[in-house]
Amino acid sequence: MWLDEALSVNIASLPISDAVQALRHDGHPLLYYLLLGFWLDVFGDSDFAARSLSGLFSLGAAAVIWAAARRRLGAEAARYAAVLALTSPFLVRYGSEARMYALAVLLAATGWLVTERAVERRSPTRLVAVALVVAAGLHTHYWMIWLAAAASATLAVRWLRSPASREVLTPVLAAYACGWIGFAPWLPVLVEQATHTGTPWAKWARPAEVAVETIEALGGGTRFEPVLLGVLLAGAALLGATLIRTSADGVELGWPGRHPGAPLVAVTVLTLGLGGTVAMLSGGAFEARYTAVVVPVLVALAGRGLSRLPRWLGPAALAAVAAFGVVVAIDEARRDRSQGQEVAGIIDRDAGTGDVVVACPDQLAPAVLRHLEGPATVLTHPPTDDPRFVDWYDYHDRIDRASPTATATVALDTAGSGGAVWLVTASGYRGFEGRCETIAAELGHTRPSETVLFARPVYEHMRLYRYPAGTP
């Protein structure tokens, strides 16, 4: 497990009141952590158990995408969308990770489905379902704010342009409003998070970044093969968004307003546009995983695009894209995401009583502690009360205030003459330029260093140094 997964499990294992407090310093809503906490209580906190919940969410999302696409785009497009969902590297990747993104896909797809049902036939049950799913989405990931806003705006435009549909749409819009109201109790926490946490680990988003990372997300990664798959899926989605009709003479492309998928296109564009604009203006980041909120619609549009290709070309294209998706998904899912377990195994094997482990940046500590069983004391830079968590609260101010020399001195004093000091470090972390190197230099002034482990090309790479007990 890498940093975010380890944090998920650690926060989910806390009592609810403590989890809320931890999330004030972490930057996410509560719902996923509640569900994961209940899941861990029943099935244990092994890596497999923690990740299996996301696997169920991904499988459920594929089924719901099929059901929603069937209502809006037709049976054939829905079958194509279901195949693309089941072979989606995005759904496989986040279905094998202990994070909230598979749940976000499921709730986004479910929100689409229950909205379609409520518009088809009004009933109290269907309207309550809309309100509950909207609220649940908002309590899962903050990019759901932009999805819910985009869906609300799309419904409102239809309400304004079609007086005949107002009797049906007014209760649906009211249900969306109730969903927003259900999110209101969390707003004080959101305001505090937005003021003090944000995304300190990355630079502000740019418009082109939103487009490029959305394509990368569809393909499941940043390497050549996933990017190529992402381009193919994005092209299929664009075809599904603009294809008006097919005939023996060819295909007719045009403005999305001329086919049933038009509302889906509007919601997708508005969601990415709103979220990307706010991130850019506020200095926030955009990550490929945030596209979880529009993945159901993009997959459905891609299914529509491929299903409307002439004659044999559609099934052949679907088979090729699905096979490519399986290959990429398997390759991505089996990759190590962190060296934390490897580092912990070495320390457990060789560390003695009195040894001290220093993690710089502190973001490396949760993945290591996830597997560390030995008696070593763990310190972080910047210092924190509990190295199982990362305190993102005013993070860059905390980094600036922390003294690398002081951290090295505390480590040496804690280890004393009888304990070794282990330094877990990595380069490329924003705000830590030169700081971890200073700690290494300070430790090296007192003790000789041994390079125990070199960084490997994994997402969360690490280097491990040992400074033996005693002085040279």
Side-chain angles (χ1 to χ4, degrees), residues 1-3 6-7 9-10 45 47 336-391 395 398-429 431-472:
M1 283 193 172
W2 67 290
L3 167 65
L7 289 176
V9 173
N10 293 342
D45 65 350
D47 290 0
D336 288 338
R337 298 170 193 172
S338 173
Q339 288 184 261
Q341 185 173 9
E342 188 177 3
V343 167
I346 293 173
I347 295 174
D348 280 337
R349 183 191 67 200
D350 297 334
T353 302
D355 282 12
V356 173
V357 178
V358 180
C360 180
D362 56 343
Q363 297 170 49
L364 302 178
V368 174
L369 281 168
R370 170 77 181 159
H371 301 283
L372 192 65
E373 298 177 355
T377 300
V378 178
L379 306 175
T380 64
H381 186 83
T384 185
D385 294 334
D386 191 338
R388 295 178 303 158
F389 305 93
V390 176
D391 187 355
Y395 191 57
R398 294 181 54 245
I399 296 173
D400 291 340
R401 292 195 305 267
S403 167
T405 300
T407 298
T409 300
V410 170
L412 292 169
D413 290 345
T414 303
S417 60
V421 177
W422 302 77
L423 176 62
V424 185
T425 187
S427 58
Y429 282 74
F432 284 89
E433 296 82 1
R435 288 174 168 81
C436 299
E437 290 82 356
T438 299
I439 293 175
E442 292 292 332
L443 294 173
H445 289 160
T446 304
R447 303 183 180 195
S449 66
E450 302 173 356
T451 302
V452 181
L453 179 69
F454 289 98
R456 292 190 290 111
V458 301
Y459 184 79
E460 190 177 58
H461 56 275
M462 302 180 188
R463 296 191 306 275
L464 179 62
Y465 300 100
R466 182 174 182 267
Y467 301 85
T471 59

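Values in this document were obtained by computation on a predicted structure and should not be read as measured data.
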Which residues satisfy the side-chain hydrogen bond (donor to acceptor under 3.5 Å, both in side chains) test with T380, sequence neighbours excluded?
-> none
By side-chain hydrogen bond (donor to acceptor under 3.5 Å, both in side chains) - contacts of Y465 (at least two apart) | R463
What is the minimum heavy-atom distance between [X] and [Y], and which atoms define it?
X: N10; Y: R388; answer: ND2-O, 2.8 Å
X: E450; Y: P468; answer: OE2-CG, 3.5 Å
X: Q339; Y: A455; answer: OE1-CA, 3.4 Å
X: V410; Y: L379; answer: CG1-CD1, 3.9 Å
X: P382; Y: A402; answer: CB-CB, 3.8 Å
X: I439; Y: P404; answer: CG1-O, 3.5 Å

For D348, what residues pass the salt bridge (charged side-chain N to carboxylate O under 4.0 Å, His left out) criterion, not counting sequence neighbours?
-> none
Spatial distance of atom [atom1] ([X]) from atom [atom2] ([Y]) [nearest 0.5 Å]:
X: F389; Y: T384; atom1: CZ; atom2: OG1; value: 9.5 Å
X: W2; Y: R337; atom1: CH2; atom2: CZ; value: 9.0 Å
X: S449; Y: L423; atom1: OG; atom2: CG; value: 9.5 Å

For the residue pair L412 and L443, establish whether any side-chain heavy-atom pair is separated by less than 4.5 Å.
-> yes
Do Y459 and S338 have side-chain heavy atoms sitting under 4.5 Å apart?
-> no
The criterion is side-chain contact (heavy atoms from CB on, under 4.5 Å); which residues satisfy it with [X], sequence neighbours excluded?
X: V452; result: I346, W422, L464, R466
X: E442; result: T405, A408, T438, H445
X: R401; result: D397, R398
X: A406; result: S403

D385 atom CG: more than 12 heavy-atom contacts under 6.0 Å | no
Could you give me the CA-CA distance, side-chain angles and deciding distance for E342 and M462, then say whether side chain to side chain contact (heavy atoms under 4.5 Å, CB included) is met?
-> CA-CA 9 Å; E342 188 177 3; M462 302 180 188; over 6 Å; no
Using side chain to side chain contact (heavy atoms under 4.5 Å, CB included) as the criterion, point out the one residue from T425, D400, T407 that pairs with R435.
-> D400
Plane angle bin for Y429 and H461 - parallel if under 30°, tilted between 30 and 60°, otherwise perpendicular | tilted
N/O donor to acceptor pairs below 3.5 angstrom from side-chain atoms of residues 364-378, sequence neighbours left out:
unit_1, atom_1, unit_2, atom_2, d
R370, NE, D47, OD1, 3.1
R370, NH1, D45, O, 3.3
R370, NH2, D45, O, 2.4
R370, NH2, D47, OD1, 2.8

Scan residues 350-365 for pairs that pass salt bridge (charged side-chain N to carboxylate O under 4.0 Å, His left out), counting only residues two or more places apart or in two chains.
-> none
Go through the steps for Y395 and Q363 under the test side-chain hydrogen bond (donor to acceptor under 3.5 Å, both in side chains), then give the verdict.
-> CA-CA 11 Å; Y395 191 57; Q363 297 170 49; 3.1 Å; yes
